Amino acid sequence: MQDTIVAISTSLGVGAISIIRVSGSESIDIVNKITKQDITKYKTHTIHHDYIIDKDKIIDEVLISIMIAPKTFTKEDIIEINTHGGIASTNKVLELLIENGCRLAEPGEFTKRAFLNGRIDLIEAEGVMDVINSKTDKALSLAMNELKGESSKLIKDLRQKIIKILANIEVNIDYPEYEDIKELTNKDILPSINEIECDIKNIINNSKDASIIKDGIKTVIIGKPNVGKSSLLNRLINEEKAIVTNIPGTTRDIVEGEVYIDGIKLNIIDTAGIRKTTDVIENIGVSKSLELIESAELIIFVLNNNELLTKEEQDLLERIKYKNYIIVINKTDLESNLHIKDQNIVRISALNNIGINNLKQKIKQLFNLEKFESKDITYISSSRSIGILKETLSLINDVRTAISNDMPIDMIEIDIKTIWNKLGEIIGETYQDELIDQLFSQFCLGK
Ligand code: GDP
């Protein structure tokens with residue numbers, strides 16, 4: 001039997017109410033020891049006014065929600081106590097519950113129980129965490145689709161297709177004498193295997209969209225000193241976070257900001273001026289900038305409208321050509337001396353706040369952000385799941401090799417079963433204890 005766990009489910013601080021959650025078979029008996037009323041007689045899914053008492057002393061006036069298994073989040077008896085939000089009273093109630101037999105829950109333990117008791121699968125559990133961490137409406141929709149089981153369905157459908165292949169093979173192995181069953185050859189399996197591979201590749205590709213929604217677009221602003229990188233970042237984030245100055249090379253430290261374009265987050269980093277220099281500190285900045293270019297998902301390369309293109313800038317243009325980039329020609333209020341042709345150019349004046357919207361439009365175009373408006377946001381988003389999907393791709397390759405080597409069909413069946421099992425790991429049908437512990441430990445306390 002699982003022990004009965006308790007945790008403060010709201011964040012601890014002064015607030016109107018705090019919620020203390022208890023889950024386990026002894027929930028009602030333990031809470032009953034510290035309430036004035038007899039709560040054992042209450043019906044499930046009801047709320048009651050009560051007092052928490054320590055011996056004869058009243059600790060707090062509370063509301064008690066009774067939820068009796070199995071129709072609860074953990075599928076166990078759950079009691080939630082709404083206390084007054086003070087830190088002392090909340091902690092005192094928690095202490096009393098522990099004294100009377102509860103164990104303090106580990107982070108994510110309620111959700112872990114929901115999973116272990118079969119109430120939710122692993123993707124849905126990750127959805128719980130994603131809902132809590134969502135910062136935008138779109139990230140929330142994505143997380144809700146995970147929570148509702150829409151994302152799990154993508155995996156369940158795949159597994160269903162595999163079951164069909166396995167069933168076909170089984171019939172052939174078990175009933176070879178039946179005349180109305182066509183003999184299955186390795187080659188007959190190949191189209192179905194290819195179809196599954198295609199589905200998996202699609203899910204992996206779409207997960208890039210999920211990462212844009214969840215984590216934002218990793219963006220760097222590059223350009224030589226004094227072209228207006230910090231001024232542009234300030235315009236975008238609308239606050240004076242970066243120091244704007246006209247001494248070349250003063251933006252030595254890397255400045256970061258978050259910008260939202262139609263609900264999609266851009267994590268922008270303003271790099272130190274990239275140029276050959278003898279200054280040690282700045283040199284650190286330069287190599288860091290080059291590193292950032294490599295890992296960026298979007299590069300905003302700022303040029304000065306009234307200066308000629310330098311050799312370093314030409315080199316940088318070459319370097320970013322294979323990435324998502326936008327060339328921003330700044331200082332359009334000054335006389336033009338720059339001659340450059342490219343399809344990804346936006347002209348702005350950071351000083352006069354001109355052209356910033358065009359830049360935002362260009363970013364929307366480049367990442368096709370409009371599609372998130374109308375599209376159903378159902379993706380497999382966790383790196384854990386994507387990792388497993390990638391593993392299944394190489395297993396599919398093994399099957400294909402086995403088919404071309406004319407391996408016996410029952411050998412191929414074993415390989416296909418391995419793929420089915422592997423996909424089961426994504427929704428948690430097959431799992432390792434350590435993995436489950438590690439996954440749920442990322443949750444916050446009381447969830
Ligand atoms: P960074 O070194 O690339 O970060 O450049 P800063 O943002 O520090 O700007 C360098 C200088 O250029 C400052 O004096 C800014 O006021 C000036 N500046 C920035 N944008 C513009 C612009 O659009 N027009 C003009 N004329 N000056 C600008």
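Excluded from the calculations below are hydrogen atoms, water molecules and symmetry mates; all remaining heavy atoms, backbone and side chain alike, are included. Counting starts at 1 for both ligands and their atoms, following the listed order. Model, not experiment: these values are computed from the prediction.
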Q. Got Leu309 and Leu338 here, is their nearest side-chain heavy-atom distance under 4.5 Å?
A. yes
With heavy atoms of [X] as the reference, note each atom of ligand 1 found under 4.0 Å away.
X: Ser349; result: 22 (C), 23 (O)
X: Val227; result: 3 (O), 5 (O)
X: Lys229; result: 1 (P), 2 (O), 3 (O), 4 (O), 5 (O), 7 (O)

Q. If you measure from each non-hydrogen atom of Leu334 to ligand 1, which part falls under 4.0 Å: side chain, backbone, both or neither?
A. side chain
Contact check: [X] vs ligand 1, nitrogen or oxygen atoms, below 3.5 angstrom:
X: Asp270; value: no
X: Asp333; value: yes
X: Ile348; value: no
X: Ser231; value: yes

(Q) Please enumerate all residues that pass ring-ring contact (aromatic ring centres under 6.0 Å, His included) together with Tyr325, with sequence neighbours excluded. (A) none
Q: Answer yes or no on whether Lys447 is positioned over the face of Phe73, meaning its NZ or CZ is under 6.0 Å from the six-membered ring centre and within 45° of the axis.
A: yes
Q.
Suppose we screen for salt bridge (charged side-chain N to carboxylate O under 4.0 Å, His left out). Which residues come up paired with Lys135, at least two apart in sequence or across chains?
A. none
Q. Looking at Ile162, Leu166, Asp398, Ile165, which hits side-chain contact (heavy atoms from CB on, under 4.5 Å) with Ile419?
A. Ile162
**Q.** Sub-4.0 Å heavy-atom contact, Pro225 with ligand 1
**A.** yes
